[in-house]
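Chain naming here is simple, since letters A, B, ... match the order of the sequence lines and numbering starts at 1 in each.
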Amino acid sequence: MALLVLAAMLMVEAVPRVSAVESFSLTTNPGRTLEGDPVGIGLTLSVTNAMYSVPTPYSFVWTVTDPSGASTTYTQNMVSTQPSWSLMAYYPTNFTGGALNHAGIYEISIAETLPSSKPATSGQFQIGLTSSISYQRTYPVSIIGAGYAAFENVTVNLTGGSSITSGFPTSKLADAGGKFSLTWYSPPNSSPGNYTVALTGSTTKSAADSQWFILYPTNVTIINSWTSKIIVQRTQTIEFRFNATYLSGIPVTSGTCVLNIIEPDGLTSHSVTALYDSVLATFRANYTTTLASTTGGWTWNIAADSLNDGSGNGGPLTPSSHNFNIQSASFSVNILSYGSVYSSGMTVPISADVVMPNGANFTQGTVTATITSSGRQVTAPLSLVYNASSGRWSGGYKVNPNDPSGTWLITVNANDAYGNSGQSGAPLNVNITGAPPASPPAWFMTWSFLLVVLVAAGIGVGILILRRKEVTHREVKLDVTAIKHQADQVKGDDFLQSIQAQLKKRAERMAAEHDAAEKEKP
Amino acid sequence: MTRSIAVHSYKGGTGKSTITANVAVALALKGRRVGVMDMDLEGPGLHVFFDIDPSDLRFTLNDVLAGVAPPEAACVRMSEKMNLNGGELYYSPASVRLSEIMRTLKTGYEVDMFENAIKRLQEKFGLHYLLIDTHPGIMHDTLLALGVCDHQIIVSRVDQQDIFGTGVLIEVSSSFEKPVHLVLNMIPPGVKESEVSKFARVIGAHFTTEMAGWLPWSEEVIGSLSRSVLTLKQPKHAISLRFRALAETIEGFA
Ligand SMILES: Nc1ncnc2c1ncn2[C@@H]1O[C@H](COP(=O)(O)OP(=O)(O)OP(=O)(O)O)[C@@H](O)[C@H]1O
Ligand SMILES: [Mg+2]
């Protein structure tokens with residue numbers, strides 16, 4: 001039964017057709033190319049439902065009409081032995097007189113002339129003056145025209161919307177083959193939208209060869225980010241820098257970028273705006289820390305799309321993050337006190353400059369001074385008070401009759417509520433009149449003292465007196481005993497001993513090397 | 001025979017770098033072959049005088065001390081750039097990158113590396129003098145480096161703040177049994193030469209040091225913002241003559 005049905009179907013198929021109703025379709029590859037493209041356009045005609053049961057001759061006439069209205073043709077014959085097949089033609093190669101010399105739409109129409117006479121199908125392709133019909137700003141737009149006379153002067157005009165583009169119109173000679181080419185680098189701030197490019201030859205093409213394309217804003221990529229300091233102390237300012245480029249690789253030289261600065265908790269954020277600095281040729285922003293800034297690891301981030309060059313170009317596509325560290329401030333403390341002769345009841349003035357890491361005076365917090373002599377405390381910590389007009393912290397210590405004479409060590413400590421601090425010590429030579437000298441007798445020598453002793457000894461050594469207009473006399477005092485005492489302490493310290501041990505070993509090694517070298521000599 | 005000369009001070013800002021740069025140039029202008037090392041690894045400053053950005057260089061002294069670069073690779077020949085009429089000046093900069101400074105401070109360096117660098121530069125360039133700028137203060141690595149040099153120059157201001165520490169430093173560093181020379185810098189205007197030399201004699205009487213010279217406080221030096229070497233830029237200026245005199249004294253070091 002099944003066999004029977006199949007046989008019946010085959011018989012139906014075998015019945016010859018008198019007139020076929022073919023279907024035609026045309027494809028062009030590529031659908032668009034540049035003027036003068038040496039490869040040209042491939043045209044493919046696909047035919048289905050063709051006559052074939054008896055071999056049937058087919059003939060087609062391909063006509064291509066260029067934008068100027070001129071047509072060229074190509075005739076193709078074949079014999080059909082199958083129900084579907086395709087034919088190919090190349091424009092301009094197969095079309096006598098054909099050329100890709102005009103920008104615009106080339107119309108293709110194909111007519112069947114055998115076995116019957118009828119229009120088959122039609123199509124089109126496009127010829128342009130630029131490699132693409134859309135560009136991002138700064139990307140080179142290459143403009144190419146063909147079909148000019150050798151070395152013909154060609155004028156090119158480029159208009160964006162209705163406005164003139166800077167640098168246009170301009171002219172340039174075609175090459176020996178009549179080909180014209182010019183590259184336009186669109187500036188980052190060129191207006192986006194439609195542009196029309198038109199080429200006019202001086203002789204050959206009197207009508208403008210023209211085409212439009214679209215210009216879009218471009219993406220920005222961040223490169224070379226830099227942090228001025230990996231570690232900052234509170235109050236210091238940290239600087240962030242980075243460079244950006246457009247998609248084409250050209251540097252971005254304008255605009256702003258908002259940076260997010262994130263505290264160690266990962267949440268609290270601050271923002272600063274980076275601007276382009278044309279002197280340093282970089283985007284740049286500062287963040288100034290305060291005495292209360294959280295210590296620890298911070299980051300500064302460039303979020304996606306946070307940079308805008310001011311002309312509508314933006315980026316980056318992906319965010320980036322950079323680390324830095326804030327540490328508590330260490331104040332520099334400089335004690336400004338001077339030794340002298342004091343009697344009981346007099347006040348030893350103590351003052352200190354306390355400077356924050358940013359170089360400004362430390363004004364709010366606690367500054368205390370302690371005084372010791374030969375390791376013994378002379379007084380409990382004294383509070384110093386900030387004086388805004390002098391910019392100094394000062395106070396004083398009232399001398400007791402039983403305070404020791406000699407070298408006092410003044411230690412000044414500065415602290416604030418946030419854990420910032422600084423410390424410094426300074427020796428002070430104090431001679432308490434009427435008080436017994438501290439033991440061991442720390443007799444100290446001033447220059448004046450030396451003068452007396454040495455002059456008496458007949459050596460004639462003087463003092464260095466800094467005269468200022470003969471009005472004030474100042475001396476630099478050299479307390480030889482205190483210096484030697486201090487030096488002995490350093491020399492007795494482990495660290496100096498280790499240095500000396502290393503140097504000694506080195507000297508021995510060098511002596512050994514020297515001996516060995518001597519022995520080598522004949 | 002090369003002489004290595006360390007330039008040191010107790011306090012910062014006494015003029016070590018200024019003196020190192022100017023004396024080095026003065027010696028080179030006399031036709032000497034001079035090396036300059038910036039061993040102020042914590043706060044390098046010489047690159048400013050020589051107008052070199054150490055970040056542009058492949059290696060710095062930090063790499064040499066860490067043993068990752070040969071000393072001559074971290075050395076810039078300045079002779080042509082500075083036009084030193086036949087003299088030679090080789091400058092070994094320290095890194096100015098905070099990360100590298102931190103790393104060097106953290107790891108420290110072997111004194112052998114430093115000594116090796118001195119020897120190698122001396123041999124490689126046939127140096128007559130190698131001047132070494134240092135970080136101020138009494139610190140382990142610096143003192144060790146001083147102990148390796150043939151001479152030490154200690155720079156001090158005549159200032160009550162400086163003089164005490166300078167005294168201590170002279171005492172400590174003379175225990176290395178290398179000659180210690182004192183240079184007084186920024187002598188205020190109005191102080192007579194005779195007074196300075198008296199002062200020098202007193203110091204000489206009490207400490208094992210010799211006065212190598214003194215330099216007046218100079219408007220020119222401060223005004224140059226450390227951006228040029230006056231001995232080269234204004235060779236006839238009074239302060240340049242002082243630097244040259246100091247260079248002469250150094251040539252006379254035993
Ligand atoms: N004789 C001088 N007269 C006036 N200013 C001077 C003099 N010598 C140096 N200075 C100035 O003093 C400042 C410090 O000098 P310099 O940098 O040479 O000192 P330094 O000892 O190397 O400092 P640091 O310890 O910070 O390395 C500079 O501004 C310099 O111009
Ligand atoms: Mg210095």
May I ask you to decide whether B:Lys16 forms a salt bridge with B:Asp133, counting only side-chain N to carboxylate O separations under 4.0 Å? no
Among A:Leu503, A:Ile483, A:Ile230, the residue with the most heavy-atom pairs under 4.5 Å to chain B is A:Ile483
Quick one: which residues of residues 101-112 of chain B reach chain A at under 4.5 angstrom, heavy atoms only? B:Met102, B:Val111, B:Asp112
Is it true that B:Asp150 and B:Arg3 make a salt bridge, defined as a side-chain N closer than 4.0 Å to a carboxylate O? no
Salt-bridge present (B:Arg157, B:Asp162; N to O < 4.0 Å): yes
State whether a side-chain donor-acceptor pair under 3.5 Å links B:Ser173 with B:Gln152. yes
Are A:Asn334 and B:Gln161 close enough, and set up right, to give a side chain to side chain contact (heavy atoms under 4.5 Å, CB included), and what steps lead you there? CA-CA 10 Å; A:Asn334 189 18; B:Gln161 275 196 55; 3.7 Å; yes
Taking a cut-off of under 4.5 angstrom between non-hydrogen atoms, the residues of residues 176-185 of chain B near chain A are B:Phe176, B:Lys178
Between the side chains of A:Ser328 and A:Gln233, is a donor N or O closer than 3.5 angstrom to an acceptor N or O? no
Pick one of side chain, backbone, both or neither for B:Leu144, based on which atoms fall under 4.5 Å of a heavy atom in chain A. both
Between B:Ser174 and B:Thr208: side-chain donor-acceptor atoms closer than 3.5 Å: yes
Return the option, out of B:Ile138, B:Val148, B:Ile163, with the maximum number of heavy-atom pairs under 4.5 Å with chain A. B:Val148
Near B:Lys124 NZ, under 6.0 Å, is it more than 12 heavy atoms from other residues, nucleotides or ligands? no
Plane angle bin for A:Phe240 and A:Phe324 - parallel if under 30°, tilted between 30 and 60°, otherwise perpendicular: tilted
Which of A:Ala507, A:Ser498, A:Ala487 touches chain B most, by non-hydrogen pairs under 4.5 Å: A:Ala487
Of the backbone (N, CA, C, O) and the side chain (C-beta and beyond), which part of A:Asp488 lies under 4.5 Å from a heavy atom of chain B, both, or neither? neither
Can you tell me if A:Ser424 uses its side chain to pair, donor with acceptor, with the backbone of A:Val333 under 3.5 Å? yes
In a table with atom names and distances, give each donor-acceptor pair under 3.5 Å that connects a side chain of residues 113-120 of chain B to protein atoms at least two apart or in another chain.
from	atom 1	to	atom 2	distance (Å)
B:Glu115	OE1	A:Arg506	NE	2.9
B:Glu115	OE2	A:Arg506	NE	2.6
B:Glu115	OE2	A:Arg506	NH2	3.0
B:Arg120	NE	B:Glu72	OE1	3.2
B:Arg120	NH2	B:Glu72	OE2	2.7

With sequence neighbours left out, the residues meeting side chain to side chain contact (heavy atoms under 4.5 Å, CB included) with A:Thr411 are A:Thr370, A:Leu409, A:Asn413, A:Gln423
